[in-house]
Protein chains: 2
Amino acid sequence: MLQLGELSGLLGYSLKRAQLKVFEDFLRCVAPLQLTPAQFSVLLLLDKNPGRNQTEIANTLGILRPNFVAMLDALESRDLCARMRSTNDRRSHILVLTDRGRAVLARAKKLVANKHEARLIEVLGPANHAALLEMLAKLAQEF
Amino acid sequence: MLQLGELSGLLGYSLKRAQLKVFEDFLRCVAPLQLTPAQFSVLLLLDKNPGRNQTEIANTLGILRPNFVAMLDALESRDLCARMRSTNDRRSHILVLTDRGRAVLARAKKLVANKHEARLIEVLGPANHAALLEMLAKLAQEF
DNA sequence: CGATATTTGATATACCCGATAACAATTATT
DNA sequence: AATAATTGTTATCGGGTATATCAAATATCG
């Protein structure tokens, strides 16, 4: 084994490695539904924010509009969501979850909560898990 | 603004966004030296582990050997490190920091400590920063 | 010893993400 | 009415990551 040296004290380094592990576990837990973290986040956002268009959804997720097109194509081809032409502004597409999209999202939420997040809480402890979440949110916002 | 919903409670989501922010700040702070986080980690590891070959360094950083070749080419072309044929095993390349590599690493360490990590500690508070580091390391290892 | 398997660095290649430029259609501005 | 801005889209580029394969060198084992 090698000496990590100052690397173990580098927050960015541990952050990246932890992120990879967590995403890996997410994929494992949600594998039955074939959803990536990004796809899951889109479905969640569509559910909580009906009537929004592609630009709005993409922006809040930090996805660039051009890159969001193919992502939506994939979800729409699986009948998880649909683009509807807006009557107010005929440029934009209102995004809606399909019935199937809502069903898949509901199952995904359960898998995430019962398998993925549950394991995280088990490893970290509930208090640490909450503290970690708070610090990460702080970094994501204020930093 | 949109409703994030359960997204704010998803550890992986905050983890990813925090990681992007932290790497962004790292790049800003080390910009004078033109070093990416990955390049910095390689230099650090070479310094702390002299006499190792490409496979060993790449493995500990989670970099695949094929992808490590171009990375080393870039560092070597800037005269930051060098490949030396091993006398024991003429297949492998012993990696060494050049004098210039050591000098750049020293300057990089200062920038990282005084600008990058200092800002992190300032935002989080020293105690939280340490706790965060510990939890991330735990996730990176045990998870 | 000699044949076979393994390891090391390297090349080629492919895929996924993220970023930019440009475009047609539509709407906003002036 | 003319011009500017917005929306979704396409094309394209670069970076990071993954696999298969190769020649050279070494290790293993009959």
Side-chain angles (χ1 to χ4, degrees), chain A residues 2 12-13 15-17 19-24 26-27 31 34-42 46 49 51-77 81-96 140, chain B residues 2 12-13 15-17 19-24 26-27 30-31 34-42 46 49 51-77 81-96:
Chain A
L2 298 205
Y13 179 75
L15 207 43
K16 178 79 177 292
R17 303 218 83 161
Q19 185 258 315
L20 290 175
K21 286 281 192 98
V22 170
F23 268 44
E24 201 179 300
F26 182 98
L27 285 173
Q34 286 284 96
L35 283 183
T36 67
Q39 289 173 326
F40 179 69
S41 69
V42 170
L46 293 190
N49 301 273
R52 301 308 185 117
N53 64 23
Q54 299 186 194
T55 298
E56 292 171 309
I57 299 293
N59 277 345
T60 55
L61 290 178
I63 302 172
L64 293 171
R65 275 73 77 217
N67 299 329
F68 194 50
V69 174
M71 232 186 121
L72 266 189
D73 288 347
L75 292 176
E76 205 174 11
S77 75
C81 71
R83 302 182 231 226
M84 296 175 46
R85 297 225 84 96
S86 166
T87 52
N88 309 332
D89 185 341
R90 280 168 29 207
R91 289 170 297 185
S92 57
H93 293 163
I94 299 306
L95 299 179
V96 293
Chain B
L2 298 205
Y13 180 75
L15 207 43
K16 178 79 176 292
R17 304 218 84 160
Q19 184 258 314
L20 290 175
K21 286 280 193 98
V22 169
F23 268 45
E24 203 180 299
F26 183 98
L27 285 173
V30 183
Q34 285 284 97
L35 283 182
T36 66
Q39 290 173 326
F40 179 68
S41 69
V42 170
L46 293 190
N49 301 274
R52 300 309 185 115
N53 64 25
Q54 300 186 193
T55 298
E56 292 172 309
I57 299 294
N59 278 344
T60 56
L61 290 177
I63 302 173
L64 293 171
R65 277 68 79 218
N67 299 330
F68 193 49
V69 174
M71 233 186 119
L72 265 188
D73 289 347
L75 292 175
E76 205 173 10
S77 75
C81 71
R83 302 182 230 226
M84 296 176 44
R85 297 225 84 96
S86 165
T87 53
N88 308 333
D89 186 338
R90 281 166 31 204
R91 287 171 299 186
S92 57
H93 293 163
I94 299 306
L95 299 180
V96 293

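In this text, all values refer to a predicted model and were calculated from it rather than measured experimentally.
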Q: Could you list the residues that satisfy ring-ring contact (aromatic ring centres under 6.0 Å, His included) with B:F26, not counting sequence neighbours?
A: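 For B:F26 the ring-ring contact (aromatic ring centres under 6.0 Å, His included) partners, ignoring immediate neighbours, are B:F40, B:H116.
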When the distance from [atom1] of [X] to [atom2] of [N] is rounded to whole Å, what number comes out?
X	N	atom1	atom2	value
B:L20	C:dA19	CG	C1'	14 Å
B:L27	C:dA19	CG	C1'	15 Å
B:L95	C:dG9	CG	C1'	11 Å
B:E24	C:dG18	CD	C1'	13 Å
A:M71	D:dT9	CE	P	14 Å
A:F23	C:dC16	CZ	P	17 Å
A:R65	D:dA11	CZ	C1'	17 Å
B:I63	D:dT19	CD1	P	16 Å

Q: For A:R90, check side-chain hydrogen bond (donor to acceptor under 3.5 Å, both in side chains) against everything at least two apart and list the hits.
A: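 For A:R90, no residue satisfies side-chain hydrogen bond (donor to acceptor under 3.5 Å, both in side chains) once neighbours in sequence are set aside.
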(Q) Closest-nucleotide mapping onto DNA chain C: is A:N67 or B:L72 further toward the 5' terminus? I mean the 5' end. (A)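 With A:N67 and B:L72 compared, the 5'-side residue is B:L72.
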Run the side chain to side chain contact (heavy atoms under 4.5 Å, CB included) test against [X] and tell me which residues pass, sequence neighbours left out.
X	result
A:F68	A:V42, A:Q54, A:I57, A:A58, A:I63, A:M71, A:L72, A:L95
A:N49	A:L45, A:R52, B:L2, B:Q3
A:A140	B:R17

Q.
Using OP1 and OP2 only, check whether a side-chain N or O of B:T55 sits under 4.0 Å from C:dT7.
A. no
Q. The side chain of B:S92 lies closest to which of these nucleotides: D:dG8, C:dG9, D:dA18?
A. C:dG9
Q.
One pair to check against side-chain contact (heavy atoms from CB on, under 4.5 Å): B:V22 and A:Y13. What are the steps and the verdict?
A. CA-CA 10 Å; B:V22 169; A:Y13 179 75; over 6 Å; no
Atom pairs, protein N/O to nucleotides 21-26 of chain D N/O, distance under 3.5 Å:
from: D:dT26; atom 1: OP1; to: B:R90; atom 2: N; distance (Å): 2.9

Q. Once you round to the nearest 0.5 Å, how far does CG of A:L35 lie from CG of A:L75?
A. 7.5 Å
Q | First of A:Q54 and A:K16 reached from the 5' end of DNA chain D, by closest nucleotide | A | A:Q54
